[in-house]
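First the proteins, then the strands, lettered A, B, ... as listed; each starts at 1. Predicted model, so just to flag it, every value in this text is computed and none were measured.
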Amino acid sequence: MERKRKTTGSHNRPPSVGQDLVARRKKLLETYFENGRQIAGELLQEIDAARRRLQELENDNSRLRLQLKSDTAIRDLINKIENLESERGALLTHSEEAARQARSELARAAAVESELSNLASLYVASSQLHGSLEPREVVQTMGQLLLQFVGAGAYAIYSVDGDWLVPVASEGVATSQLRRERVGQGPVGSCLGVGEMVVALDRADRSHPIVSVPLRIGDDPVAVVAIYELLEQKNALEEVDFELLRMLAVQGAAALAGARLYAAAAGVLPALPAEQFVGARDAHSMTGQRNDAE
Amino acid sequence: MSEQLCLVVEDSPMMRQLLVFALARIKALKVVEADDGVDALRKLTTAKFDLIITDINMPVLDGLKLVKKIRSDEVHKDVPIMIVTTEGSAEDRQRALQLGANAYITKPIQAPQVIAKVKELLKIP
């Protein structure tokens with residue numbers, strides 16, 4: 001009530017100190033609230049900006065998280081690719097090694113087949129040489145061996161008759177070229193003197209053999225095989241051919257000597273007494289005799 | 001796989017034995033031997049052969065005449081024929097192939113080569 005009164009009384013009087021203070025207070029309050037409003041507005045704006053910034057940061061964060069995930073996936077994929085590449089490399093190496101081994105095995109199998117073929121040739125030739133006790137057939141077999149197994153297109157077989165070599169069979173050689181020679185001498189007979197196969201494949205002179213094979217039993221000469229020319233399709237003599245010729249030198253000599261002896265004995269083989277080759281105990285049991293002292 | 005029948009015609013017992021040795025490496029292949037062309041014709045009447053291997057130079061009836069006779073034979077006109085011979089010239093080869101031979105191998109033979117050709121003719125894997 002008192003205040004009201006004072007206020008009512010102020011219309012006509014100059015403002016008092018109190019009124020001034022009130023006015024100033026009022027102004028101050030207005031200024032204060034005005035400032036507060038401004039500050040609150042600014043704060044709200046800042047909050048809005050901060051929210052937006054926060055939203056942006058969250059967006060960035062999400063994006064970065066996604067990117068990170070994607071990078072990890074890519075890294076995983078790269079690792080997988082590297083592993084696969086490594087496995088592929090290992091498989092390739094393994095496959096190449098397997099292929100190399102397969103090639104090696106195939107080559108070995110081919111070599112074994114070839115060796116078997118050579119052994120079969122040697123076996124067949126040897127068994128055929130000893131398959132007859134007829135000298136003419138043995139000589140024919142030797143000729144077949146030279147033509148069909150060695151590939152000799154022109155050859156002659158000489159048999160030892162005393163000190164002479166006598167041509168007994170030939171193929172592709174002119175009859176005029178075939179003549180007797182002394183054992184150990186001449187183009188054909190000299191190999192018996194040497195005691196070894198004589199090879200001169202580059203010889204141009206066809207009157208001389210390119211290969212002469214002495215057939216001997218021990219030191220006794222039996223025959224000579226002379227090759228003058230190879231078949232058209234046969235370019236050179238190979239190791240198996242020399243094996244066959246070495247076999248012919250030994251087995252051919254035995255077969256021919258045996259057949260000649262058999263023919264000389266008029267086809268009668270002399271009996272061999274068993275006691276001559278077996279032990280006394282065996283001989284007694286074979287003849288049915290028993291030693292009472294035993 | 002059913003057994004196949006092969007006729008080997010060769011007058012040289014040594015070469016015949018070698019061919020039989022080589023062919024024994026092929027499973028399910030039975031070999032019948034003939035020692036010349038006439039013997040071969042006789043044996044051709046006794047069975048149906050799947051392959052004929054023949055030499056050219058043989059007494060009585062040579063290999064080329066045999067090929068001609070086989071090609072006119074109702075039963076064996078389509079049977080594969082392989083020539084194995086010492087005759088190595090291009091003319092001989094040409095002549096044999098023109099007469100109806102399917103393969104031509106020159107002596108001296110290598111067993112693996114003969115086996116491979118026989119397998120090819122008989123379509124053996």
Heavy atoms from other residues, nucleotides or ligands near CD of A:Glu134 exceed 12 (cutoff 6.0 Å): yes

Heavy atoms from other residues, nucleotides or ligands near CZ of B:Arg95 exceed 12 (cutoff 6.0 Å): no

NZ/B:Lys43: more than 12 non-hydrogen atoms of other groups inside 6.0 Å: yes

Within-4.5 Å side-chain heavy-atom neighbours: B:Pro108 and A:Val150: no

Which atom of B:Phe21 lies closest to which atom of A:Ala120, heavy atoms considered: CD2-CB, 3.9 Å

Point-to-point distance, once rounded to the nearest 0.5 Å, from CD of A:Gln128 to OG of B:Ser12: 7.0 Å

Which portion of B:Ser89 sits near chain A, non-hydrogen atoms under 4.5 angstrom: both

Reported CE-to-CG distance for the pair B:Met14 and A:Leu145, which is rounded to 0.5 angstrom: 4.5 Å

Heavy-atom closest pair, residues A:Glu232 and B:Gly88: OE1-C, 4.0 Å

Separation of B:Thr106 OG1 from A:Lys234 NZ (nearest 0.5 Å): 10.0 Å

Over all atoms of both residues, closest heavy-atom pair of A:Ser117 and B:Ala111: OG-N, 3.2 Å

Nearest-0.5 Å distance that lies between atom NZ in B:Lys107 and atom CD in A:Gln144: 7.5 Å

Trace of the side chain to side chain contact (heavy atoms under 4.5 Å, CB included) decision for A:Gln148 with B:Glu10: CA-CA 11 Å; A:Gln148 314 236 15; B:Glu10 171 64 74; 4.1 Å; yes

Flag, side chain of A:Gln233 to backbone of B:Thr86, donor-acceptor distance under 3.5 Å: yes

A:Leu116 and B:Arg25, any side-chain heavy atoms less than 4.5 Å apart: yes

A:Asn118 and B:Gln110: CA distance, side-chain angles, deciding distance, side chain to side chain contact (heavy atoms under 4.5 Å, CB included) verdict: CA-CA 8 Å; A:Asn118 296 343; B:Gln110 275 290 309; 3.8 Å; yes

Heavy-atom side-chain proximity of A:Phe149 to B:Met15 below 4.5 angstrom: yes

